[in-house]
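Beneath this line is the structure, given in structure tokens, with notes to follow.
If you're wondering where the values come from, they're calculated on a predicted model, not measured in any experiment.
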Amino acid sequence: MKARPPLPPGVHTLPARYYTDPEYFGRELDAVHFDMWLCAGRTEEVASPGQFFVRRIGNASVVVVGTAEGGVHAFHNVCRHRGTMLCKQDEGQLPGRIQCGYHAWTYGLDGRLLHAPHMDQVEGFRTEDYPLAAVATAVWDGHVFINLSESPIPFAEHLAGLDRKFQPWGMAQLKRAQRRVYELQANWKLIFQNYSECLHCPIVHPQLQKHSHYLSGDNEPPQPTYLGGRMDLRDGVQTLTLDGTTNRSSLPGLPAAEQRHVYYYALLPNLLLNLHPDYMLTFTLWPLAVDRTRIVCEWHFHPEQMAQPGFDPADAVEFWELTNKQDWELSELAQRGISSRGYQPGPYSNREELLHGLDRLVVERVEGRGSRP
Amino acid sequence: MKARPPLPPGVHTLPARYYTDPEYFGRELDAVHFDMWLCAGRTEEVASPGQFFVRRIGNASVVVVGTAEGGVHAFHNVCRHRGTMLCKQDEGQLPGRIQCGYHAWTYGLDGRLLHAPHMDQVEGFRTEDYPLAAVATAVWDGHVFINLSESPIPFAEHLAGLDRKFQPWGMAQLKRAQRRVYELQANWKLIFQNYSECLHCPIVHPQLQKHSHYLSGDNEPPQPTYLGGRMDLRDGVQTLTLDGTTNRSSLPGLPAAEQRHVYYYALLPNLLLNLHPDYMLTFTLWPLAVDRTRIVCEWHFHPEQMAQPGFDPADAVEFWELTNKQDWELSELAQRGISSRGYQPGPYSNREELLHGLDRLVVERVEGRGSRP
Amino acid sequence: MKARPPLPPGVHTLPARYYTDPEYFGRELDAVHFDMWLCAGRTEEVASPGQFFVRRIGNASVVVVGTAEGGVHAFHNVCRHRGTMLCKQDEGQLPGRIQCGYHAWTYGLDGRLLHAPHMDQVEGFRTEDYPLAAVATAVWDGHVFINLSESPIPFAEHLAGLDRKFQPWGMAQLKRAQRRVYELQANWKLIFQNYSECLHCPIVHPQLQKHSHYLSGDNEPPQPTYLGGRMDLRDGVQTLTLDGTTNRSSLPGLPAAEQRHVYYYALLPNLLLNLHPDYMLTFTLWPLAVDRTRIVCEWHFHPEQMAQPGFDPADAVEFWELTNKQDWELSELAQRGISSRGYQPGPYSNREELLHGLDRLVVERVEGRGSRP
């Protein structure tokens, strides 16, 4: 077991209200989710002009759409006339423009208002005053990010070097083979915290513990925008599948040494990124209420492997579906316990330093100190 | 297209809270629905003594009942003893008295307490002190209205001459042939507003636009208790059915000129009245929550036509069911968009003056200025 | 009919907020349910070491468990580490210790923390500082009580002599033969009040009225911790079953005179206790929300009778299931009526003195006057 710097004495979990109070949850959304960069999806979902998907975060609905120039734009999914929701499907293809189904106000894929029937008779009305409300976008190795703040911090500052760190995995080239969506009765922070320690692994995840020892982990110190660490694969284990083997090659160009680890990075506030030798697993977290979170889980592989005869992602999917189920149940039990009258903050161990890091980052943002990293 | 007086410059839709805030909704119910006359149903539903129906408005439950004298009474549906709800069915027939199912307190159809078992031993108890809490009633051409205010404005003042205007249609004689009940995820004002303009008709209602051109409309200026206008039937169109024809005669006594129009009147705050040459369509709106409204839609015809062999209301029912479905979807999308973080008030066109009129009337009532017309 | 002391003039039911306001409900839980002794179940449910059941009251979740010494302990169902709920089943058998499923913190059946993995490296951590949060317990003739207060009143003071009064029934020996669970859309006080008068019996419960005249009742004056009375069985009626007869013997040792009555005692705030000549019926009430209550209803018999060939509790079960159904409907109609805009407090009769007693006790507790009996 590797040495850890000790936590300050008396470090405890947060009081219940941070996990149960709807009013606090609203402040948290404002200070965290509506201020930070959120991972929305993958560029392959907006690859052609007009291809779009919609994401909901709190009471925001955002359309992310591919542009004619091969880029990505994002907008609030609301018509500037009488507020009608524009895209009612979760994903689809637009015909080169965004038209409101109510009175046919029509916008370009860049958000400019092109046509507003009957408004020409309104004194002083100018189409240039009514573009769709823009949402900032950024792309990192195939991951599409959005930011609902009026003045987002530079995306590079948010990544804080993770782009260089994970360059060898070539994530931009990977394609999605599977998606699962879960809805949990748990605060989003409990899911982050469950992800950020493996002390529970020998008790809860025997199949994971068999392939990767829970004390093989090595965490980075908590960072302002991410928490992360890695664990080693045991000798003879190729990757995380039910039996620890795979017929897939490792990702092209990945150094041999990196093929012996699995990386677990939580990019605040909504991306969990698992990098295996041969595939990438992503979780995006969408808080629905103080005690309810939607999780989109996706398995991504290299296209060359996907083109092989007999390619089958099921070994990786089944491994993580089993592990997810175990984690989701515990996160929900944590929510129920913390919501109970008998709950009182408890002590963190030295191997739960990332959890304390998350607590501190969120509380500092919400309480207005150091709201920028 | 007819000329319209321009709206004042800068007229915009209301901020989101008017459509989303439960606290505002409560104030609105107090200032609007609990102060104004509400259309509750039709006299044919309380035609015999003791025949009753129950209507719910906010947290009020009101019994409307036919009296022995052929009139109508209305009461809060609550026993004066321990508060038990009296009538649990939505409609039915009472045996000449209203008896509480708990301890048999018994009231006349006029609301007087007739019998209260075991209360004779209570010092100072007098049955005359415990009548059912009365709700004011009025009848206009077969429409039954109720008013939950302590001091309702005179009903004639509420009608503001509509009784004279619509006298030629002989609504009192009409009988219901069909009823449909809808529950929408939308604030009641959005349904009113959808009803009060036809700019969306060519986009949303091709079958309506085919029979009646959307710019043929002619609105009255907004009135303190109603908003209304009419549209012309196109040449060759007899009435609003799927194919624009009917084998029904026009309503008896309706002047030929009036047989070329359809009237759309919204009597605040809960009656939408569509008068066609050969039938009457009514919508009553029952707000359930700030974002939820129940709509009762009824088709009424002349008894002579209903007695014809082969009478079938389906052509009118199907036409409006199709149109309703289109409108309900848009009203729900408007609710979703306005509830979204990206919503901001947008500009009205000159043909949306009734919507601005509604906004103004409601806001003035709620904010306590001009709370009486 | 027996004489009753008159109620003070002008005594009325409580204003609606006492039955409808979630904020008041929270204060009531604090002042009543979290301060008084609650009947949780029966000793036969925790008869062996590690046998447990869970009860929820407001946001509290309590585990009641049998100890190695044959006693009973109760704890908040929450791990002291990160707040995870410990027992997720409603009842079951623990293996001599309570282990959290997340990180394996392990507690004895006495609540002491025995083992906390990885915490040995945390400076200053001592297992003795983190026992499960204890809940007080007491046992009366087989009934298990819990108390969530920091400083419970002595249980004997709560019983206020009922143990002596009901000693002849030998409740400790009785065993459960049947359980039914109901969930009502009604405030818990309405269920208490329905229980505390039989004026409604001739109207609502013809089968009960046939066996026991509603005016045969004789109430004790309201007590600080209980409300109770009894009614006589009519001549020829043996007990409360559908036909008034039974093939069961009376409870052993019950004096002949007591075999002619049924006792109805409401021990505040959650036990309704019906004692019949040959069986005990218990109701425990679990408020879920201001307008929602869970009721656990159980039929208990003497083991000697249960061992008889042909023993069948159905005659008693069916009688009370029918009666319960009638009462639950009325309690729900009372909730609906009192929640209605038209509700106003109404006058109590002289035979509803226990209801007024309940009102007074609860209001005095919540409003901080006389919060201890």
| According to the interplanar angle, ranging from 0 to 90°, do the rings of C/Y102 and A/H200 count as parallel (below 30°), tilted (30 to 60°) or perpendicular (above 60°)? |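 Rings of C/Y102 and A/H200: perpendicular, as their planes differ by over 60°.
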
| task | Taking all heavy atoms of A/T13 and all of C/R82, pick out the closest pair and write down the distance. | result |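 For A/T13 versus C/R82, the nearest heavy atoms are CG2-CG, 3.5 Å.
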
| Nearest heavy-atom pair of A/I203 and C/H103: which atoms, and what distance? |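 Between these two residues, the closest heavy atoms are CD1-C, 3.4 Å.
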
| Selection from C/P117, C/G83, C/C79 maximising heavy-atom pairs under 4.5 Å formed with chain A | C/G83

| message | Quick check on the interface: out of C/H81, C/R56, C/K88, C/H76, who has the most heavy-atom pairs with chain A under 4.5 Å? | response |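 The answer is C/H81.
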
| query | With no hydrogens and no angle check, do the side chains of A/E197 and C/H118 hold a donor and an acceptor under 3.5 Å apart? | reply |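 Their side chains do not contain a donor-acceptor pair, so the 3.5 Å distance test is not met.
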
Might you confirm whether atom [atom1] of [X] has over 12 heavy atoms from other residues, nucleotides or ligands at distances under 6.0 Å?
{"X": "A/R260", "atom1": "CZ", "value": "yes"}
{"X": "C/E123", "atom1": "CD", "value": "no"}
{"X": "A/R234", "atom1": "CZ", "value": "yes"}

| Which atoms of A/L355 approach chain C - backbone, side chain, both or neither, heavy atom under 4.5 Å | side chain

| chain C contact via A/E332 - side chain, backbone, both or neither, heavy atoms under 4.5 Å |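 Neither part; nothing is under 4.5 Å.
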
| field | chain C contact residues among residues 318-327 of chain A, heavy-atom distance under 4.5 Å | value |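 So no residue qualifies.
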
| query | Which of residues 333-349 of chain A have a heavy atom under 4.5 Å from any heavy atom of chain C? | reply |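 Only A/L333, A/A334, A/R336, A/G337, A/I338, A/S339, A/S340, A/R341, A/G342, A/Y343, A/Q344, A/G346, A/P347, A/Y348, A/S349 of residues 333-349 of chain A have a heavy atom under 4.5 Å from chain C.
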
| Intermediate values then yes/no, side chain to side chain contact (heavy atoms under 4.5 Å, CB included), C/M119 and A/N350 | CA-CA 8 Å; C/M119 295 303 294; A/N350 278 351; over 6 Å; no

| query | Is it the side chain or the backbone of C/F75 that comes within 4.5 Å of chain A heavy atoms, both, or neither? | reply |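 Neither part, no heavy atoms under 4.5 Å.
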
